[in-house]
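Each ligand, and each atom within it, is numbered from 1 in the order the structure gives.
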Amino acid sequence: MSSQSLSRFLIEAHRTKGNINADLRLLLEVVARACKSIAIATGKGALGNVLGNAGSTNIQGEAQKKLDVLSNEILLEANEWGGHLAALASEEMDQPHPIPHRYPKGNYLLVFDPLDGSSNIDVNVSVGTIFSVLECPEGVTEPDAGCFLQPGSRQVAAGYTVYGPSTVLVLTLGDGVHQFTLDREVGAFVLTRSDILIPQDTSEFAINMSNHRYWEAPVRRYVDEMLAGKDGPRGRDFNMRWVASMVADVHRILTRGGIFMYPMDDKCRAQGGKLRLLYEANPMAFIVEQAGGAASTGHQRMLDVQPTALHQRVPVILGSKNEVERVVGYHRES
Ligand code: AHM
Ligand code: MG
């Protein structure tokens, strides 16, 4: 069977299935092209003088890495002139980036975490890009931050890339989840898995265990029961993994199942959680649900959360459906 490129996949989604239009097709092609450039930059490592801090901080008060800044610029430059976007927003920018007046405007809003897991850059562990596509509210020509405050259920597409041993791009258009692997010789993303399904049950969990004493009772109960293994109420052993790059942890779950949690805890309570709703939690929740999994804050389906701020944070629990439902059940009981 001949291999299918991302371009062909998108053309067929447009022409045959009709689930995207020409503008959305262009948008996704452009994001994928920008991700190829980011893959090249991250791949150069110390040789490209891209490691280390940029010497600046972002709106969240986090020190920006050189690659955070570079990846943000790559995505901005690639996307602002194509005529498919009304505005862009990013983890690395306080406010949305308007489309310069010299370019035509389109109807979509793009929001992204340009380089997720950036604490892993300098130690040569997988990082990635997360993106979400929304429609610009009708009649708005100069979108502000308020235009981005749409629940995740309104996303028209979402995806992420992992810059790991290979570069993969995982995409949903609301019609299943598909994985493309970058063919470095040809310079094209090639379809390598379609209609990905997350197993409903799992024996693997991902959480930053060092926060154990800060967690709330339901999460502590859930994790403690897994740690008790064969001797506890679950009656079997569990395995733990934590990459500290959400993209890599979620990708493992899409590959062999599992549950990922960055729950509410006493350390992040004041800011509402650790991970960001619009460009981390929502795109991943859309992908995970489309792959048959579940995503919740512990109290509410992630995709139903009504955002109130561009850089809003939320507790995140996602992955294999039966395990997510168990944690949500423990929240309900408490
Ligand atoms: P970032 O977007 O600044 O890289 O932060 C998000 C990352 C996630 O990828 C990851 O799950 C989490 O932060 C790791 O947090 P911790 O350092 O507590 O393990
Ligand atoms: Mg991130």
Side-chain angles (χ1 to χ4, degrees), residues 35 38 41-42 50-54 56-72 74-75 89-94 110-132 152 158-164 168 170 204-215 219 223 240-254 258-288 295 297 302 310-319:
C35 289
I38 299 172
T42 51
V50 291
L51 304 185
N53 288 339
S56 48
T57 50
N58 65 14
I59 175 94
Q60 351 253 342
E62 299 161 340
Q64 289 178 305
K65 301 276 181 187
K66 285 185 194 165
L67 267 175
D68 284 324
V69 176
L70 184 64
S71 306
N72 194 56
I74 289 173
L75 279 156
S90 152
E91 175 176 334
E92 304 303 337
M93 301 185 297
D94 304 7
L110 176 65
V111 55
F112 49 80
D113 177 354
L115 206 68
D116 179 61
S118 44
S119 71
N120 278 326
I121 293 170
D122 294 350
V123 288
N124 200 26
V125 170
S126 296
V127 288
T129 299
I130 311 174
F131 63 92
S132 158
Y160 67 82
T161 53
V162 184
Y163 311 114
V168 295
V170 170
E204 205 160 65
F205 65 100
I207 192 163
N208 184 340
M209 277 297 297
S210 69
N211 292 327
H212 184 278
R213 70 186 189 284
Y214 301 114
W215 297 335
V219 169
V223 173
M240 197 202 84
R241 288 284 182 273
W242 183 249
V243 183
S245 285
M246 189 193 201
V247 281
D249 281 312
V250 170
H251 193 63
R252 186 184 56 257
I253 289 171
L254 260 84
I259 180 166
F260 169 94
M261 290 173 284
Y262 216 116
M264 180 58 83
D265 67 37
D266 288 339
K267 264 190 356 192
C268 63
R269 188 177 311 283
Q271 41 191 35
K274 157 91 180 188
L275 298 174
R276 277 56 56 111
L277 175 60
L278 287 180
Y279 40 82
E280 292 176 325
N282 271 345
M284 291 310 202
F286 189 20
I287 290 167
V288 164
T297 64
M302 189 65 68
L310 188 58
H311 298 286
Q312 180 176 345
R313 299 183 190 239
V314 274
V316 176
I317 298 162
L318 58 77

Worksheet item: Is there side-chain contact between Tyr279 and His311, with heavy atoms separated by less than 4.5 Å?
Response: yes
Discussion item. Set out, in order, the CA-CA distance, both residues' side-chain angles and the distance that settles side-chain contact (heavy atoms from CB on, under 4.5 Å) for Met302 and Thr297, then state yes or no.
Written reply: CA-CA 6 Å; Met302 189 65 68; Thr297 64; 3.9 Å; yes
Polar contact flag, side-chain donor to acceptor under 3.5 angstrom, [X]-[Y]:
X      : Y      : answer
Asn58  : Glu92  : yes
Asp113 : Tyr160 : no
Ser90  : Asn72  : yes

Worksheet item: With sequence neighbours left out, which residue pairs that include part of residues 119-131 fulfil the salt bridge (Lys or Arg N to Asp or Glu O under 4.0 Å) condition?
Response: Lys65-Asp122
Fill in: Parallel, tilted or perpendicular, as decided by the 30° and 60° cut-offs, for the rings of Trp242 and Phe260
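If you compare the ring of Phe260 with that of Trp242, the planes turn out parallel.
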Worksheet item: For the Mg ion (ligand 2), which protein N/O/S atoms are closer than 2.8 Å?
Response: Asp113 OD2, Asp116 OD1, Glu280 OE2
Worksheet entry | Set of residues that line ligand 1, where lining means a heavy atom lies under 4.0 Å from it | Glu62, Glu91, Asp113, Asp116, Gly117, Ser118, Asn208, Trp242, Ala244, Ser245, Met246, Phe260, Tyr262, Lys274, Leu275, Arg276, Glu280
Discussion item. If the condition is ring-ring contact (aromatic ring centres under 6.0 Å, His included), which residues does Tyr163 pass it with, not counting sequence neighbours?
Written reply: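 ring-ring contact (aromatic ring centres under 6.0 Å, His included) check on Tyr163 returns nothing, list empty.
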Fill in: Crowding at CG, Asn53 (>12 non-hydrogen neighbours, <6.0 Å)
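Correct, the count exceeds 12.
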